[in-house]
Protein chains: 2
Amino acid sequence: MTTQGPGLHTHVLDTLGLEIAAGDCPPGRVLRTDELAQRFDVSRTVVREVVRVLESMHLVESRRRVGVTVQPTEAWNVYDPQVIRWRLAGADRPRQLRSLTVLRSAIEPVAAGLAARHATPEQCAALTECALGMVATSRGQQLEGYLEHDIAFHRIVLNASGNEMFARLGDVVAEVLAGRTHHQVMFEDPDPAAVTLHVRLAEAVREGDVADAERLTKEIAVGALHELDVLAP
Amino acid sequence: MTTQGPGLHTHVLDTLGLEIAAGDCPPGRVLRTDELAQRFDVSRTVVREVVRVLESMHLVESRRRVGVTVQPTEAWNVYDPQVIRWRLAGADRPRQLRSLTVLRSAIEPVAAGLAARHATPEQCAALTECALGMVATSRGQQLEGYLEHDIAFHRIVLNASGNEMFARLGDVVAEVLAGRTHHQVMFEDPDPAAVTLHVRLAEAVREGDVADAERLTKEIAVGALHELDVLAP
DNA sequence: GTGATCTAAAAGTCATACTTTTTGTTCGCC
DNA sequence: GGCGAACAAAAAGTATGACTTTTAGATCAC
């Protein structure tokens, strides 16, 4: 998925971002703006803007008389959805998916608990609708439809938590779910147990059962982690 | 805390970032690159680079024939440490601190549990040392020294979890703790209960007691949240 | 070998000219 | 009067070239 925008800048940014995230251009490698301009056949202006953006993500550092140095992984802004997308497209997607799923397993239960407290009737209704949509698409190779409802479901929970930091993790979760569906060979239908858990979670939230919401979400997360262990190298 | 770097770009970026995060320049407000160049007395080149960076943080969106539009809060990359810093410097620091602390309360217990499993002897030693440092600086108006050890402590736990996403939250936690110490009138010494909890947590991690590590961290988080309720509007 | 000095490489900055997209207006037609 | 198409201008996007500033690394003196 390549973010669109006025052509040149976006193209160069995306290409470089992918290369760095993928590990070509290993940390320590030095790039020169002039070379990049030549390589992409764009003006130095464009390259400089791209470099500034990569720098703000701490993927590179630019120093006078040295050049643009690729930074070690530990420096990267790994919560930037753009960076996440680049990394998920790269070689160590499995590792990436795992660490993101562990993150989800920490956050979503708490978010679900808060959602059980604060969800509006509209949010509860939307949640139930998503759960039903998941049920409807859980059989017969309708993975895309299922994914859509799954993403919407988790997004609603995160939003309903009322916490901004949780809510903004919706994009990350969406990337994880999409990455899982698209890149792991998922010829089978989704786990029926997971579907059931989502339905029950929608109920728990609607009824304001905090403890249950937390527990069910934890189960969902455990299932997701287990699935990763089974399907990923 | 103003990130340093080659002067002009950094200065303009920081100023604009602060203004937007603070809510001057409300969402929907349109800026023009020429005006900005004039206002800061820099070339359009510099302004454009700044705008591109702000755009990558989703603080603004730049469109032809329209200008640079400030985006609504929901679009911002709120996990970007830079954005966090800007927001914590602004008016609604209390709200910000609260939502970040809730985030901590979700993540740190899980991270501590993992740390109890995976921490190396070196990490355990460092943890104990930090805890002792906290004890030593917990009385007699040594807030700065205490803060330093507190930050180091939580950083080690997050790193020892072995999960990259958790580890990279160290910067966020550091910002939160620093913000709490510096911006809330903390003439008193830190809560003795919190100090004790940290010491016990270091022990739990060293002994590999996962459940205990989780529980103690939860208690620390609850205390922090309570403290916020008491001290913030 | 140590330290001060010099040099050149690369990023940083600026001014300007030109292109492209897009919005809002104008004009003609029904 | 309202509707659609052509049009003009505004603002960002791109390109280029000249110049400045920092600084790593070489050179040179001691």
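Everything quoted here is computed from the prediction, not taken from an experiment. Quick note on labels: first sequence line is chain A, next is B, and so on, each numbered from 1.
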Using whole Å, what does the distance between atom [atom2] of nucleotide [N] and atom [atom1] of [X] come to?
X	N	atom1	atom2	result
A:His11	D:dT14	NE2	C1'	16 Å
A:Leu8	D:dA15	CG	C1'	10 Å
B:Leu13	C:dG12	CG	P	14 Å
A:Asp34	D:dA15	CG	P	14 Å
A:Glu49	C:dA11	CD	C1'	15 Å
B:Gln38	D:dA11	CD	P	13 Å
A:His9	C:dT21	NE2	P	17 Å

Test item: side-chain donor near acceptor, B:Arg206 and B:Thr128, under 3.5 Å: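 B:Arg206 vs B:Thr128: donor-acceptor pair found between side chains.
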Can you see whether B:His182 engages B:Glu144 through a side-chain donor-acceptor pair at a distance of less than 3.5 angstrom?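 Yes.
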Just N and O in the side chain of [X]: are any of them under 4.0 Å from OP1 or OP2 of [N]?
X	N	result
B:Thr45	C:dG12	no
A:Arg48	C:dG12	yes
A:Arg44	C:dA10	no
B:Thr33	D:dA12	yes

Using a cut-off of 6.0 Å, state whether more than 12 heavy atoms not belonging to A:Glu129 lie near its atom CD.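 Count not over threshold, so no.
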A:Arg32 has a side chain; which of C:dA11, C:dC14, D:dA11 sits nearest to it?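 The answer is C:dA11, which lies nearest to the side chain.
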Nearest-neighbour nucleotide for the A:Ser62 side chain, C:dT13, D:dG13, C:dA11 considered: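 Per side-chain heavy atoms of A:Ser62, the pick is C:dA11.
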Quick check on the 6.0 Å ring-centre criterion: do B:His154 and B:His198 meet it?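 Between B:His198 and B:His154, which both carry aromatic rings, the centre distance is below 6.0 Å.
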Would you confirm whether A:Arg168, through its side chain, and B:Glu74, through its main-chain N or O, come within 3.5 Å as a donor-acceptor pair?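 Checked: pair present.
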Under a 3.5 Å distance rule, please check whether B:Asp80 uses its side chain to pair with a backbone N or O of B:Gln82 as donor and acceptor.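 Answer holds: yes.
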For A:Val42, which contact category applies under a 4.0 Å heavy-atom criterion: base, sugar-phosphate, or nothing?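 Sugar-phosphate: the residue A:Val42, judged by heavy atoms under 4.0 Å, touches backbone atoms but no base.
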Would you tabulate the pairs of protein nitrogen or oxygen atoms and nucleotide nitrogen or oxygen atoms of nucleotides 23-27 of chain D closer than 3.5 angstrom?
from: D:dA24; atom 1: OP1; to: A:Arg63; atom 2: NH2; distance (Å): 2.5
from: D:dA24; atom 1: N3; to: A:Arg65; atom 2: NH1; distance (Å): 3.1

Among B:Leu169, B:Val176, B:Leu228, find the one that has a side chain to side chain contact (heavy atoms under 4.5 Å, CB included) with B:Leu100.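 It is B:Val176; the other options fail the test.
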